[in-house]
2 protein chains.
Amino acid sequence: MNDSAKTDRIRLSAEDWEDAALGLIAEQGVGALAVEALARQLGVTKGSFYWHFRTREALLQAALERWEQYGEREVIDQIKAIADPRERLPELFRRVAHERDPHRVYAALLKALDHPLVVPVMARVSQRRIEFLTEVYREAGMAARPALNQARLTYAAYVGFLQLNFTLGLPRLSHDEFDEYVAHMLATLTPQS
Amino acid sequence: MNDSAKTDRIRLSAEDWEDAALGLIAEQGVGALAVEALARQLGVTKGSFYWHFRTREALLQAALERWEQYGEREVIDQIKAIADPRERLPELFRRVAHERDPHRVYAALLKALDHPLVVPVMARVSQRRIEFLTEVYREAGMAARPALNQARLTYAAYVGFLQLNFTLGLPRLSHDEFDEYVAHMLATLTPQS
DNA sequence: TGTCGTCAATACGCCTCCGTACGGTTGTGA
DNA sequence: TCACAACCGTACGGAGGCGTATTGACGACA
């Protein structure tokens, strides 16, 4: 039994390294991104790494770009596919509240905002999401400026939610309490229907 | 002109080191807390450090305890001193929105939630603040359960606000836009008066 | 079948930072 | 003035992580 992620492919590509890097970031944070650790996890040595990347920073950069491009589209597209605009907010909230995995990289990156490479990426991603939220609020019937402010507020609540509930494990809510909280959130952050 | 924080006291105490550590954490994050860097900043060498602390972790621990004990009381006490309970929320919001310094350590600690020492501290502090917020909401006229959920939501919005506006510098709002956002926040997170 | 490009192993040097050992200085009280 | 504790400097050992150099294995393709 191979201990973990030892894919039995003999040779690796740059993309394999980037994916592995994102996995490691999601699990242990950006600080834990070391080339020898990654190499061990992939079942090879550093010799391989420095063929694909000039430096450790280059890997981080590439992994972040990969995440920014491919990891984001999904949620937004799926939400946009919902016909009734008023149904989009509730569905969005439900996803965020109950699906943990898609947010792990984002949460990990949130803890690495001291690193100069991740700040611009997070700024772009957050900006884009806020714009998307604004759009959804507008389609739900709000005027332009309130929609923008509401989007900012909702997104801030999302970010704080990640920190408090996921990474901090804070409220230690029971299942019912949690659902009640999500319902409350939905009620106060959704335009009065 | 001494370049920065070179206090002209000849000899240092453990508290001096803890304060300097908190300052460094606020400016550059927990990861930048290195004993030789701190020693340079204080104008001494490691020899001094290891007289006061057994290890680097011990300093972090002590600094965090110091922050948890002394750095928090202030805001809560000042808010509690406001006579009219309905005035407390707006004042609290104003403070958070416009005073940057008191939140710098908290924001820095938010980016260090991968470190095992800071998680319990942040959990306790956040928990206490949420309880305080719940109290304020109750005094403003809300029932028990809604007040609790509202407090959680408001605090999540606060945490996200820190990340997006302060550390990410995200919305790049003008002064007026910013005030408008704060007003919006206040309007939707304050019980209907 | 030989050659070339691709991917990987090994070994090494270097730097940074932690922690230790020990010797030196300064203040203070007997 | 002597002794001792508090505080600090210097020097060193060692671990961990980055990057380089060199060589080796292996498949594709002429």
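Each chain gets a letter, A, B and so on, in the order its sequence line appears, and its residues count up from 1. Computed over heavy atoms, backbone and side chain alike; hydrogens, waters and symmetry mates excluded.
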Enquirer: Applying salt bridge (Lys or Arg N to Asp or Glu O under 4.0 Å), which residue pairs with at least one partner in residues 131-143 of chain B are found, sequence neighbours left out?
Expert: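 Non-adjacent pairs meeting salt bridge (Lys or Arg N to Asp or Glu O under 4.0 Å): B/Arg88-B/Glu139.
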Enquirer: With sequence neighbours left out, write down each residue that passes side-chain hydrogen bond (donor to acceptor under 3.5 Å, both in side chains) with A/Gln78, or none if nothing qualifies.
Expert: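 With neighbours one apart ignored, the set is A/Arg95.
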Enquirer: Suppose we screen for side-chain contact (heavy atoms from CB on, under 4.5 Å). Which residues come up paired with A/Arg100, at least two apart in sequence or across chains?
Expert: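 Result, side-chain contact (heavy atoms from CB on, under 4.5 Å) vs A/Arg100: A/Arg104, A/Phe166.
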Enquirer: Going by side-chain contact (heavy atoms from CB on, under 4.5 Å), name the residues that satisfy it together with B/Ala151, two or more places apart in sequence or in a different chain.
Expert: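 Expected list: B/Ile130, B/Leu133, B/Thr134, B/Tyr137.
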Enquirer: Which ones in residues 29-38 of chain B lie close to DNA chain C, meaning a heavy atom under 4.0 Å from one of its atoms?
Expert: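 Nucleic-acid contacts, sorted: B/Leu33, B/Ala34, B/Val35, B/Glu36.
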Enquirer: In whole angstrom, what separates B/Gln28's CD from C/dC17's P?
Expert: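 B/Gln28 atom CD is separated from C/dC17 atom P by 11 Å.
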Enquirer: For B/Ala108, which residues count as a side-chain contact (heavy atoms from CB on, under 4.5 Å) partner, sequence neighbours excluded?
Expert: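 By the side-chain contact (heavy atoms from CB on, under 4.5 Å) rule, B/Ala108 matches B/Ile25.
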Enquirer: Could you list the residues that satisfy side-chain hydrogen bond (donor to acceptor under 3.5 Å, both in side chains) with A/Glu68, not counting sequence neighbours?
Expert: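 For A/Glu68, the residues satisfying side-chain hydrogen bond (donor to acceptor under 3.5 Å, both in side chains) (neighbours in sequence not counted) are A/Arg124, A/Arg128.
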Enquirer: Give me the distances for all protein-to-nucleotides 13-16 of chain C N/O pairs that come in under 3.5 Å?
Expert:
none

Enquirer: Would you mind listing every ring-ring contact (aromatic ring centres under 6.0 Å, His included) that reaches into residues 94-135 of chain A, with sequence neighbours excluded?
Expert: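 Matches after skipping sequence neighbours: A/His98-A/Phe178, A/His103-A/Tyr158, A/Tyr106-A/Tyr158.
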Enquirer: Among residues 47-62 of chain A, which residues get a heavy atom nearer than 4.0 Å to DNA chain C?
Expert: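 Here the set is A/Gly47, A/Ser48, A/Trp51, A/His52.
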Enquirer: Can you sort out the partners of A/Asp114 under side-chain hydrogen bond (donor to acceptor under 3.5 Å, both in side chains), two or more places apart, ordered by chain and number?
Expert: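 Counting only residues at least two positions away or on another chain, A/Asp114 forms no side-chain hydrogen bond (donor to acceptor under 3.5 Å, both in side chains).
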Enquirer: Residues in side-chain hydrogen bond (donor to acceptor under 3.5 Å, both in side chains) with A/Gln61, at least two apart?
Expert: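 Result, side-chain hydrogen bond (donor to acceptor under 3.5 Å, both in side chains) vs A/Gln61: none returned.
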Enquirer: Minimum heavy-atom separation for A/Thr190 and A/Gln150, please, with both atom names.
Expert: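 For A/Thr190 and A/Gln150, the tightest heavy-atom pair comes out as N-NE2, 4.2 Å.
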